[in-house]
2 protein chains.
Amino acid sequence: MSSTPSKTIADNSDKLVTTLGRPRERIVKSAIELFRQHGIKGIGVDAIAEAAGSNKMTLYRHFGCKDDLVCECLKQVSSEKERIWVDLEDAYPGDPARQLRGWVDEAAQRIFNDLRGCDLVNAAVELKEAGHPAQKVIMDAKKAHMQHLVELCRRAGVQQYEQLAQALVLLVEGARVCGQSIGIEGPQQRLEQTCEALIDAFSKH
Amino acid sequence: MSSTPSKTIADNSDKLVTTLGRPRERIVKSAIELFRQHGIKGIGVDAIAEAAGSNKMTLYRHFGCKDDLVCECLKQVSSEKERIWVDLEDAYPGDPARQLRGWVDEAAQRIFNDLRGCDLVNAAVELKEAGHPAQKVIMDAKKAHMQHLVELCRRAGVQQYEQLAQALVLLVEGARVCGQSIGIEGPQQRLEQTCEALIDAFSKH
DNA sequence: AATGTGTGTTACCGGTCAGTAACGTCCCAA
DNA sequence: TTGGGACGTTACTGACCGGTAACACACATT
């Protein structure tokens, strides 16, 4: 049997990722995208492995169970989200007020371009089982993001910085979820103006 | 998955209703509650029928498929939500400004007492398949609620009534989803004060 | 008494899913 | 050259799930 099929892995027409990188990274990347498209309970590990140009066995060698893979995906998503804070500092160095505007702008852009909502929130909706390991990942990520925003509002010179940060998060989270349930013509259309008006109101005193 | 509910057949601890009323109503009522607890994809039709004190055959005689049952549940949930508008009119007859405050108060109360989020939003998160019949039900209900609130803001004498209604919906939806993902200590704690301050700001001009 | 409707019971089908076993292959480092 | 680790392939298990078939029963109407 020397003439093994040897399946040229070049065929990736229906795959989400090429064979660039190691299987573990490809699996996580494919899983993130497929969870986004179909939901966590809406896609199977076999489909994820195949989309990654790999197979179920390799997936289970890297992740003990599906939940572990889910947690890894959520951790990666949240660590990518964390990048925004350094990006903002790079874009407007030493200008927290403009960074805050930049944060609003970025949120509005994402909501306008993608109606699928926040991966972390979506995961929280699906994984209700008490004590599910993903819940801690989600909660930690959301709290960290919240604290970063509070700190930014404080540095921007807002006196009631915590109130402002909380209101902004509510508006943005609400906008994402409205886009998801109502669609493009939801009440999230004026998100940016509303946020900026709020920032102005809080900046006056 | 490591966190499957896995209920034994003999366990009727989650028998939600007695045999009061006809099977159809009991099934819908049980389904709403079980969807709330486990998610739509997290509970099977058999468990729903059993919790309703009925059986799968009777369920399928009333609902052609699971999706039909889901749609019926969402319609019932949204029609119950609609009751708030007449309740507000009853509570503060002819006083739209106080009705608007009442709407905010009701939303804040519900968010404080229940961290499971909005059934319609949760369903939208789970049912992503293109053209799923539940999506129209969800969208219609959300749009109707939005329009009711816009109308209430207009009747309350707010000039930019549409902007105010949109901002309030974003805040409330964001608050619900933050409670769900972050938990009790999320940024939704000051929802009521934020909404009232916003109403005040819009009412001045 | 006859009939039809709504309901309960049991058993089954085909499919999917998470997870595992056993074996084969490839590549790299020693 | 050789050995080992990472990866691929196939096949399987056991559970669950959506949905259906066939039959039995209870009851109300006529």
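Heavy atoms only: backbone and side chains are in, while hydrogens, waters and symmetry mates are out.
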[X] has an atom [atom1]; how far is it from atom [atom2] of [N], in whole Å?
X: A:L59; N: D:dA6; atom1: CG; atom2: P; result: 16 Å
X: A:L69; N: C:dG19; atom1: CG; atom2: C1'; result: 14 Å
X: A:D46; N: D:dT9; atom1: CG; atom2: P; result: 12 Å
X: B:F35; N: D:dC17; atom1: CZ; atom2: P; result: 12 Å
X: A:F63; N: C:dA18; atom1: CZ; atom2: P; result: 15 Å
X: B:K41; N: C:dT16; atom1: NZ; atom2: C1'; result: 13 Å
X: B:R26; N: C:dG6; atom1: CZ; atom2: P; result: 15 Å
X: A:N55; N: C:dA21; atom1: CG; atom2: C1'; result: 14 Å

Less than 4.0 angstrom between a side-chain N/O of [X] and OP1 or OP2 of [N], yes or no?
X: A:H62; N: D:dC7; answer: yes
X: A:S54; N: D:dG8; answer: yes
X: B:T58; N: C:dG8; answer: yes
X: B:R22; N: C:dT7; answer: yes

Salt bridge check: are [X] and [Y] linked by an N-O gap of less than 4.0 Å?
X: B:R36; Y: B:E33; result: yes
X: B:E129; Y: B:K41; result: yes
X: A:R154; Y: A:E151; result: yes
X: B:R101; Y: B:D200; result: yes
X: B:R110; Y: B:E106; result: yes

Exercise. Select base, sugar-phosphate, or nothing to describe what A:I43 touches, counting heavy atoms under 4.0 Å on all strands.
Key: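 The residue A:I43 makes sugar-phosphate contact but no base contact.
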Self-check item: No-hydrogen, no-angle side-chain donor-acceptor test under 3.5 Å, B:Q189 and B:E185
Solution: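 No, no side-chain donor-acceptor pair sits under 3.5 Å.
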Could you go through residues 80-92 of chain A and list every donor-acceptor pair under 3.5 Å that involves a side-chain atom there, pairing it with any protein atom two or more places apart or in another chain?
from	atom 1	to	atom 2	distance (Å)
A:E89	OE1	A:Q99	NE2	2.9
A:E89	OE2	A:G94	N	3.1

Quiz item: Could you run down nucleotides 20-25 of chain D 5' to 3' and tag each one B, S or - for protein heavy-atom contact under 4.0 Å?
Solution: BBB---
